[in-house]
Amino acid sequence: MTKSELIERLVDQYDDLTQRDVELAVRLLLDRMIDHMAEGGRVEIRGFGSFSVHHRPARHGRNPKTGESVEIPPKYVSHFKPGKELRERVNLAVAD
Amino acid sequence: MALTKADLTEGLAEELGFNKRESKEFVDQFFEEMRQTLEAGDYVKLSGFGNFELRDKGQRPGRNPKTGEEIPISARRVVSFKPGQKMRTRVESRVVVSD
């Protein structure tokens, strides 16, 4: 499912919301989550999962092509941990 | 403070004028659509945000860390998330305060 398919499915379920309303709403939800993480915050959606930001310290790396040693600067990366309901529903679908 | 569904609900009401019930329902349904898709075995690709993919893991040997007893970890399907370009860039470029 892509973002536009998600938007379509939501449009189908709400008679009182236009395609435009749903597009704006989906964009707002995704942007709010990114904005919060960009400031280093966690996002916790019960039953779905949580997004957090992890710090990766600087390290020495090597250019795999040239073998040259390079300094990889410290950075932040985002991480998703699926929540209990999502984990169980996804796994149950294949457990039987 | 973590961002929660309540904050997202408030955002929809404040910025798009959804009423309280509508925005709560919408936020719940937004995540439910993604759960249903993943449950059905399909991936979710939200450009800019990231992709939720499924990985099937075979059974592997495990151990009860308390007793040391060997117990197999059953085969399972798990969700993995790959952040999209926009999220990666915005999160990564945060100023590193100290190291």
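Computed over heavy atoms, backbone and side chain alike; hydrogens, waters and symmetry mates excluded. Keep in mind the model is a prediction, meaning the values are calculated, not measured. The chains referred to below are lettered A, B, ... by the order of the sequence lines, with proteins before strands, and numbering in each begins at 1.
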Per-residue contact mode, [X] against chain A (heavy atom under 4.5 angstrom):
| X | value |
| --- | --- |
| B/Leu16 | side chain |
| B/Met34 | both |
| B/Glu22 | side chain |

Rounded distance [0.5 Å steps], [atom1] in [X] versus [atom2] in [Y]:
| X | Y | atom1 | atom2 | value |
| --- | --- | --- | --- | --- |
| A/Tyr14 | B/Glu25 | OH | CD | 5.0 Å |
| B/Glu33 | A/Ile7 | CD | CD1 | 12.0 Å |
| B/Ile73 | B/Gln59 | CD1 | CD | 9.0 Å |
| B/Lys20 | B/Leu12 | NZ | CG | 13.5 Å |

For [X], is it the side chain, the backbone, both, or neither that has a heavy atom closer than 4.5 Å to a heavy atom of chain B?
| X | result |
| --- | --- |
| A/Leu29 | both |
| A/Leu30 | both |
| A/Leu24 | both |
| A/Gln13 | side chain |
| A/Val77 | backbone |
| A/Asp16 | side chain |

B/Glu32 and A/Arg9 ion-paired at < 4.0 Å = no

Would you mind checking if B/Lys86 and A/Asp31 are paired as a salt bridge, meaning a charged N to carboxylate O distance below 4.0 Å?
-> yes

Are any non-hydrogen side-chain atoms of B/Arg55 and B/Arg77 less than 4.5 angstrom apart?
-> no

Looking at A/Leu28, A/Val26, A/Asp21, which has the largest count of heavy-atom pairs under 4.5 Å with chain B?
-> A/Leu28

Residue among A/Val43, A/Ile34, A/Val22, A/Leu17 with most heavy-atom pairs under 4.5 Å to chain B = A/Ile34

Establish whether B/Tyr43 and B/Met87 are linked, either directly or via other cluster members, by ILVMFWY side-chain heavy-atom contacts under 4.5 Å.
-> no

Reference residue B/Leu54; test side-chain contact (heavy atoms from CB on, under 4.5 Å); the match among B/Leu38, B/Asp42, B/Val44 | B/Leu38

Among B/Phe81, B/Phe26, B/Phe18, single out the residue with the greatest number of heavy-atom pairs under 4.5 Å to chain A.
-> B/Phe26

Between chain A and each of B/Gln29, B/Glu15, B/Gln36, count heavy-atom pairs under 4.5 Å; write down the option with the most.
-> B/Gln29

